Each structure stands twice: as C-alpha cells, then as structure tokens.
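A short worksheet on the structure shown next.
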Amino acid sequence: MSKNKKKIYKPKPVSGFSEWLPEIRMIEQQWLDHIRRVFESYGFTSIETPSVEEIDVLLAKGETDKEIYTLTRLQADPDDDKEARLGLHFDQTVPLARYTAQHFNDLVFPFKRYQMQRVWRGERPQLGRSREFVQCDIDVINVDHLPLHFDAEMPAVIYEALDGLDIGRFQIRISNRKILLGLLEHLGIDDTIAVTRNVDKIEKLGRDEVHLILAKECGLSDEQIIQILDLATDSVLADIDPLNDQMREGLDELNFVMDQLSHLPDHAIKADLSIVRGLDYYTGTVYETVLLDHPEFTSSICSGGRYDDLAGSFINKRLPGVGISIGFTRLFEVMQNFGKVQGHRKGPADILMVLPSEDRRADASETARLLRRRGFKVEQYHAPQKIGKQLAYAEKKAIPFVWFPPFDDDGKHEVKDMNTGEQSETSPDNWTA
RNA sequence: GCGGCUGUAGCUCAGUGGUAGAGCACUCGGUUGUGAUCCGAGCUGUCGCGGGUUCAAUCCCCGUCAGCCGCCCCA
C-alpha cells in the first residue's frame, strides 16, 4: 500500500498581517462596537472609502517615505502602463481629503466623520507595528475657519472611547506646534523638520542624548539647544514667555484646549510641549497617547492634530480640520501581548439546544426559535449523538447553558447551567438566565 | 531600508553524521439520557528551501527564504 499523499500547502501566517481565533475576535468586536458608539454619541457620521486610491491621490501631499502597496493584476502586461496605477491607502486622512473634495457640494459642514478601516504600510513588522492594521479615525472639517472648540472635543471623545476598554490608565498628551515653531523662528532656525523630529524623541532618548543629536545633526549652538529643550520639557504653561506672535498664539490655543478639558481626570490629559509629531502637515494642536500602566510600550496608541488645509491638492477651497486616530490593531495587539485580552467564549451562543433523537428535531427547532424570539442566542446541536458528546461540545465552546427539550411526548423542558452543573425543569416561555 | 538572533508534529520544544521523539491538542473507546478529571488506543512530520562536503546530512559549510527583536519611521 502506497501512501497516496496529496500535496498540501503548509499554512503559515504572513508577518504583519494578523488574524485572531474566534474567542479573541469576539473581544475585538466588542471593542470596536464600543468605540463606534462613543464616536456616534458625539455626532460623528460613518463613511467608508475604498481600500485603494490612485497612486497620484495617495502621493498628493508629497509623502514619499510611506511604503505603499500597489495593486496590479497577476495577468497584467508588464509593458502596459495605460492601467491606472492603484495603491492601498496607508492612512484614512488622504482618502478623507479626496472624499471631501469630491462630495463637497453634498456634505454638511462642519463635516464630522468617523472611519474604522484597515490601512496598509509596507514596513518591517514588530510588536505594535503591523503591515495591515485598523485605525479608528475621527475628523472634523470646515470651510475657511474651524473653531478651536473642536481641538478640545477630540481628546474628550478619545478619553471616553479608550476609557471603556480594558487597557488600564492612559494619558493623552497635547501640545501646539506653534509654540516650538515660534521659538525656532525666533532663534532663526530653518530646518524645523529635523529639529522637531528629534525633540519628539526626548522621552525616549533623554534630554542629553537629544542635545547631542541636535548639535551634531542640526548644527545648533548649545545656547539654542538649551532654549529649545527647556521649552520642550517645561510643563508649566504659565511660566513660558512668548517671544513672538506665533508662540503667543500657540500658547493661547493650548491654554484654551486644556481649559476645556478640565473635567477629565488629571492623569488622563497633560500639556506636553515635547510632543510635536514628526509629520509636518500638522499646524497647531497635536496629540499623542501613551499607556500609563504599561510604560514598557512607549509608542503612541492614538495620535493626531490640526491641519490648516486638508484638501488643498484636490479642491480650490480652504478646508481646515482637526482629527485623531486610535491605532486600534496596535492597541489590541499590545494589550493581548500583556495578557490583558483573554477570550473565554468561543462563540456568541447563550444556549446549546440538545438534539435527543432524530424524531425530536422539529420540537428542538421550535423550542430554539421560541427562545431566539425572546432574545437569546441559541445554537442547535446537529446530530442525535450521545448526551455526553453534546455536553462536551457546549463545554468546549463555553456555551453557558444547555437546553434539554422533552425526550418524549410526556417529557419536560430542562436547562443545565454549565458553570454550576445545576439542572432544573423550565419552560421556553418564561426562562431567564 | 540597516543590524542581531532563530527555523524539527497543529502548538511549546527535546534530539542525533546512519532519514526522528516528548508534552499539550486532536480522533475513538471505557454499554443505557449528562461535560471538565482519570485510564486505554490512534493520528500527525519532504527536521524552512536550494546547493556543497561525506559511503551517509535534520545535524557540518555556503546561499536563500521566512519569522522574531532592535534601528528608521509611525497607529
């Protein structure tokens, strides 16, 4: 006898693309449902844009360092460049800009929208950094002018959204780029991107290390650096003297936002001038969020900021906006890694309906329907196997109740609580868990 | 994109220059309508892939791919 082996493709995960077992997925859905409810409670409306955009759209803001996955047909003629070049979106802000410009006449401004979709970046994956991940974005966009109140609404929404998840304490750190940029202007420093990018690393590398980098890479004098680092690490806003109008404006805005958020717990909100975000399209308020109870994970799990003109590349209108984005997959994956996400239920069913025998199937189905109509989630066992087997199935799937319909015409309904082992007579009309 | 480490069963891993093992998981059984424990039996592998050295390679050498970690960047 020869083993007639069929060729099987050994399944393996693709790095940076995660998938969960049913019990974990159930928790992920609960988290997403919660976030969605909070977003909607503030009046944000849902949109969904395609996974792909034209490459030209994705690059409209001149971002070249993002690793974009492109989309081509396997059968495409490699010499045929007439095909539209498509790429998977790497964030939800660029699609939002395109969407807003495209549907400008049909949208109501200020346009408050939320978007919870996957995005793709061709990066090297590691814990908290995937190549495919879900972001939960909220943004508000208005025409010409966007009131500063919205800058304060963002952290308020995010606080509620994150507070409902089991992630321990967290801190939303807020700053305003105008403050540091004003100082750089005052000091006559032009290469603001390099400087801000390094100031952003103060917490990670320490003040001294950043000092060295700024001297070496940006060619700043000790005096300049000390002024910059003093500002970035000074957390008492009232002590800061504005050196020009830009700084004054930034300080006023930041003070206003902090003032509006005074109802939140102290630890959850902090003005932190070292937060500047490496991205240069933010023009005012900026946000970052860290997990206080898990300091070993230092990256931000929720960031964003204000931009003066979202869709300038797509429409001849000035559309200022402010937005913030929960790095959902990052957060979920990291919390899983810390053992904080533990699935118990392997399915949604509350009740497993036992099938006593084939000729009792109609009766079991009817009982199940009755219970479903009363709002219970009921799964029917598929075959009239031994009761022990049916119970073992409920046990494995962690279904909390097992329902025994009558085994014969004179029988009674019984229900068994799988946690306590207790079993008692009942009726599908009035049973409650 | 750069650097370090690692690839053996579905999972966690052990092992040897003479083509492999444990635990867990999975399947079946321990007779009637009741799970978690226990006992018994069974199933599972191109030892990541390609080449080299050797009578002989899962083991040694080279390459390659993949994964993990750090950097870069960021959610």
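All values reported here derive from a predicted model rather than from experimental measurement. Residue numbering restarts at 1 for every chain, and letters A, B, ... go by the order of the sequence lines.
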- SB check A:R360 A:D409 (cutoff 4.0 Å):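 A:D409 and A:R360: salt-bridged.
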Now, which nucleotide makes the Watson-Crick or G-U wobble pair with [N], with each of the two distances under 3.5 Å?
N	value
B:C68	B:G4
B:U34	none
B:C11	B:G23

By the 4.0 Å heavy-atom rule, please label [X] as base, sugar-phosphate, or nothing.
X	result
A:Q390	nothing
A:K201	sugar-phosphate
A:K416	base
A:T329	nothing
A:L127	sugar-phosphate

- Task: Could you tell me if the ring centre of A:F90 sits under 6.0 Å from that of A:Y69?
- Result: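 Not under 6.0 Å, so no.
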- Message: Would A:F404 count as stacking on B:U34 if stacking means ring centres less than 5.5 angstrom apart and planes tilted under 30 degrees?
- Response: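 Yes, the aromatic ring of A:F404 stacks with the base.
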- Item | Side-chain N or O of A:R197 closer than 4.0 Å to phosphate OP1/OP2 of B:C74 |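 Indeed, a polar side-chain atom of A:R197 lies that close.
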- Message: Nearest whole Å is fine: how far is B:G35 P from A:N419 CG?
- Response: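 Between P of B:G35 and CG of A:N419: 16 Å.
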- Whole-angstrom distance between B:A9 and B:C47, as gauged at atom P: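 Straight-line distance between the two P atoms is 9 Å.
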